[in-house]
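Only a predicted model underlies this, so the values are computations on that prediction, with no experimental measurement involved.
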Amino acid sequence: ERGVSWFMVVATGVAGMLHRLTGLDDVTFGFPSADRGGREFADVIGPCLATLVLRSTCDETTSLGELLDLVRDHILDALERYLKAPGPGS
């Protein structure tokens, strides 16, 4: 219905928990993202990870559905920027 993955739901839960525990309207947290798309990584053993930072803003009037939509959009934007970024040796 909202076009979200299970990870986006979990990330929304983490964001909501951080907002509630810290009392802040603006929080950031990171998550690992793996990508071995380039040929330069063909002989690398082990994970190739980058930490993508997610920023979440909400206040006491933000509904859970609104927060889910915001987190979804931030995750998609972060992944898009990561995939467009030049890789090693570029």
Side-chain angles (χ1 to χ4, degrees):
E1 180 177 316
R2 290 186 181 269
V4 298
S5 68
W6 68 267
F7 175 75
M8 293 173 183
V9 173
V10 172
T12 299
V14 170
M17 179 189 68
L18 289 172
H19 285 293
R20 178 164 290 217
L21 290 176
T22 64
L24 299 173
D25 292 343
D26 190 353
V27 297
T28 57
F29 59 99
F31 63 93
S33 178
D35 181 28
R36 286 185 169 259
R39 288 183 39 193
E40 64 270 13
F41 296 112
D43 295 328
V44 174
I45 297 174
C48 295
L49 299 173
T51 301
L52 302 181
V53 178
L54 204 60
R55 183 176 185 183
S56 175
T57 56
C58 77
D59 58 28
E60 59 275 350
T61 64
T62 306
S63 71
L64 184 58
E66 292 169 335
L67 184 59
L68 181 59
D69 291 340
L70 290 168
V71 170
R72 177 198 62 215
D73 293 344
H74 287 295
I75 289 173
L76 292 175
D77 289 343
L79 288 172
E80 184 177 341
R81 282 192 309 274
Y82 171 65
L83 293 174
K84 286 183 179 179
S90 298

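- Residues R72 and R2 share a closest heavy-atom pair of NH1-O, 2.6 Å.
- Note that the CG atom of L54 and the OG1 atom of T12 stand 8.5 Å from one another [nearest 0.5 Å].
- Counting heavy atoms from C-beta on, the side chains of M8 and L76 come closer than 4.5 Å.
- For the residue pair S56 / H19, a side-chain donor-acceptor distance below 3.5 Å is found, with atom types taken as modelled.
- Contact record, A11 with I75: CB-CD1, 3.9 Å, taken as the closest heavy-atom pair.
- Taking hydrophobic clusters as Ile, Leu, Val, Met, Phe, Trp and Tyr residues chained together by side-chain heavy-atom distances below 4.5 Å, L68 does not share a cluster with L64.
- Contact annotation: the side chain of T57 never approaches that of D25 to less than 4.5 Å [non-hydrogen atoms, C-beta and beyond].
- Other members of the cluster containing L21 are M17, with ILVMFWY side chains joined at under 4.5 Å, either directly or via other members.
- To the nearest 0.5 Å, atom CG of residue D59 and atom CG of residue D26 are 11.5 Å apart.
- Closest heavy-atom contact between A15 and F29: CB-CE2, 3.8 Å.
- Linking ILVMFWY residues whenever their side-chain heavy atoms come closer than 4.5 Å, directly or via other members, places L79 and W6 in the same cluster.
- The CZ atom of R81 sits 8.5 Å away from atom CG of L52, with the distance rounded to the nearest 0.5 Å.
- For F31, the ring-ring contact (aromatic ring centres under 6.0 Å, His included) partners two or more places apart in sequence, or in a different chain, are F7.
- Residues E66 and T61 share a closest heavy-atom pair of OE1-O, 3.8 Å.
- The hydrophobic clustering, which links ILVMFWY residues whose side-chain heavy atoms are closer than 4.5 Å, places V27 and L70 apart.
- To the nearest 0.5 Å, atoms CG (D69) and NE2 (H74) are separated by 11.0 Å.
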